[in-house]
Every structure is written in C-alpha cells, then in structure tokens.
Amino acid sequence: MGQYLATAAEEIDVADLQELYKQFVVECPSGALHLHEFKHFFGVSENNEASFYVDSMFRAFDKNGDATIDFLEYVAALNLVLRGKLEHKLKWSFKVFDKDGNGCVDKSELREIIQAIYNVKKGWRKDLDAQVLSADEVCERIFQSVDENGDGQLSLHEFVKGAQKDSWVLKMLQLDTNPCGWVMEQRRKSALF
C-alpha cells in the first residue's frame, strides 16, 4: 500500500488497480483498514503530534462511517488526493476540518487542524507567511476573509468560495501537504526504528 506513488497526471488504470488491491490485501488481509492500522501505516502513535491530523484524515476517507476504510474507499481517496479537481479536494479538506461532522467549521476545529499541520509539516515554516503567523493568527485571518455572515462558523459554501477567491486562504485550507511524499517519509522514519 505504501509503495504506490503517482503523479497528479497519472490515471489509475486496471493494472494499477490490481497492484493496489494486491498491496491492500497484503497489508489489510481482513479487507478493511482500521484506524490503528492506518496510524501504524503512517508511523503515528496516539501520543504523536500527528495523531489528531491522521484521525481527521481517516474519518474523511471513511465515506460510509463504519470506522474502517475498505478497498473502494482507499482507491477513491487515492484518486482524489492524486488527481482530483480543486473543488473536490476542498470539499474533502472541509470534511477533515469539520471534526464534529455538523456541517460547519468553527474556529476551534480550524485552529486544531492548522496546529496539527504545523506540527506534521515543519517545512511549511519556510513560507514567509507561515513564519510570521501562529496557528491562532492563521485562523483569525481565514475567518476575517472567509466568514461572509460573521457567525463564527464556516459553511461548506463559504469554505470553498473563500479558498477559490484568495490564494493564501486556498494554500492554508486545501491541505495540499504532498501526501505521497509525506507517506513515504513517515514509512521511512518508521522503518528506521
């Protein structure tokens, strides 16, 4: 499962699908990937700073809400992450941010994910804006720019529209954290220990 890398331009064809299935069955012989296995795959433990982020990713990939990721959900997630349209990626990002699943993202949810991303992706700090702004400041700036009705919550519409109109907001909300590179880095780190 962890050895499949693709570029954004690649299509997942039948041969790729067969290889993905073989790898999935080897790593998940039950046919379902559970949260603890998902965390193990990423080299994340419960007390790891990336745990919250991985929990949110798992919940977003688990389309039917059965607390597992089956092969179809796995392929759909890969397809979205590797070659999905911007609007679909933003909708997926919204689902990751919306921790309680109530259809809105509040400041607390946004701040938690941004802080988790900062912890996971230290490389973001190379960006001038990220160096200057804390997770709280990023959260406030996003809400000032995107929360059209000022209710302290971002609806899916506000989230997508705000990200599409402001490139800085898009960068912060899209969760485009080079998932393939991050997966491979986590796998490499866990293999060292």
Side-chain angles (χ1 to χ4, degrees), residues 6-12 38 42 49-65 69 73-183 185-186:
T7 64
E10 284 183 280
E11 298 284 330
I12 297 177
F38 191 71
F42 282 104
E49 58 193 15
S51 182
F52 177 78
Y53 179 61
V54 173
D55 287 347
S56 297
M57 281 180 32
F58 182 87
R59 184 179 34 77
F61 289 154
D62 180 17
K63 295 283 188 197
N64 64 2
I69 297 174
E73 290 168 326
Y74 171 69
V75 171
L78 277 180
N79 191 47
L80 172 70
V81 168
L82 296 176
R83 62 184 194 103
K85 294 180 181 178
L86 175 60
E87 185 173 346
H88 295 139
K89 287 181 180 184
L90 286 169
K91 287 178 179 180
W92 176 79
S93 294
F94 181 84
K95 192 171 181 181
V96 172
F97 280 104
D98 184 16
K99 182 180 174 183
D100 62 11
N102 70 351
C104 293
V105 174
D106 62 31
K107 288 182 181 182
S108 167
E109 290 170 322
L110 183 64
R111 188 178 304 105
E112 284 182 82
I113 291 290
I114 290 170
Q115 187 59 56
I117 291 169
Y118 271 14
N119 292 340
V120 170
K121 299 296 291 172
K122 301 287 187 197
W124 271 27
R125 296 187 188 272
K126 293 177 186 170
D127 178 89
L128 182 61
D129 285 335
Q131 282 183 355
V132 175
L133 300 177
S134 69
D136 287 333
E137 292 168 327
V138 169
C139 182
E140 288 303 319
R141 182 170 167 184
I142 289 171
F143 266 82
Q144 287 173 0
S145 176
V146 176
D147 187 11
E148 293 175 347
N149 61 6
D151 67 353
Q153 296 187 343
L154 303 179
S155 67
L156 176 60
H157 173 76
E158 288 173 321
F159 188 92
V160 171
K161 185 178 173 188
Q164 289 175 332
K165 76 176 183 180
D166 185 320
S167 62
W168 181 87
V169 171
L170 174 63
K171 179 181 176 182
M172 300 313 289
L173 294 181
Q174 190 178 357
L175 297 180
D176 188 10
T177 57
N178 183 15
C180 289
W182 188 73
V183 167
E185 178 66 18
Q186 294 305 311

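The structure displayed is predicted, hence computed values, not measured ones. Along the sequence shown, residues carry numbers from 1.
Here the OG atom belonging to Ser93 is positioned 12.5 Å from the NE2 atom belonging to His88, to the nearest 0.5 angstrom. The distance from the NZ atom of Lys99 to the CD1 atom of Ile113 is 8.0 Å, given to the nearest 0.5 Å. Summarising the geometry, atom OG belonging to Ser108 is positioned 11.0 Å from atom CD belonging to Gln153; distances are rounded to the nearest 0.5 Å.
Under a 3.5 Å cut-off, the side chain of Asp147 and the backbone N or O of Asp151 do form a donor-acceptor pair. With hydrogens and angles ignored, the 3.5 Å screen pairs a side-chain donor or acceptor of Arg59 with a backbone N or O of Val96. Asp62 contributes no side-chain N or O that, together with a main-chain N or O of Ile69, makes up a donor-acceptor pair within less than 3.5 Å. Between the side chain of Glu148 and the backbone N or O of Glu158, no donor-acceptor pair lies under 3.5 Å.
The two residues Ala135 and Arg111 make their nearest non-hydrogen contact at CB-O, 4.3 Å. Heavy-atom minimum distance, Cys139 versus Lys107: SG-O, 3.5 Å. For the pair Phe143 and Val105, the tightest heavy-atom approach, listed with the atom from each and the gap, is CZ-O, 3.5 Å. Gly103 and Asp98 get closest at one heavy-atom pair: N-OD2, 2.8 Å.
Between Leu173 and Phe94 there is no side-chain heavy-atom pair separated by less than 4.5 Å. Side chains of Ile142 and Leu154 form a contact here, defined as non-hydrogen atoms less than 4.5 Å apart. When side chains are defined from C-beta on, Trp168 counts as touching Val138, because their heavy atoms get closer than 4.5 Å. Looking only at side-chain heavy atoms (C-beta outward), Glu140 and Glu137 stay at 4.5 Å or farther from each other. The side-chain heavy atoms of Met172 and Arg141, taken from C-beta on, include no pair separated by under 4.5 Å.
Note: Phe61 and Trp92 have parallel aromatic rings, judged against thresholds of 30 and 60 degrees for the angle between ring planes.
Remark: Phe58 engages Phe38 in a ring pair (Phe, Tyr, Trp, His ring centres under 6.0 Å) (not counting sequence neighbours).
A salt bridge links Glu87 to Lys91: at least one charged side-chain nitrogen sits closer than 4.0 Å to a carboxylate oxygen.
Tested against Val160, the residues Leu90, Val146, Leu170 include a single side chain to side chain contact (heavy atoms under 4.5 Å, CB included) partner, Leu90.
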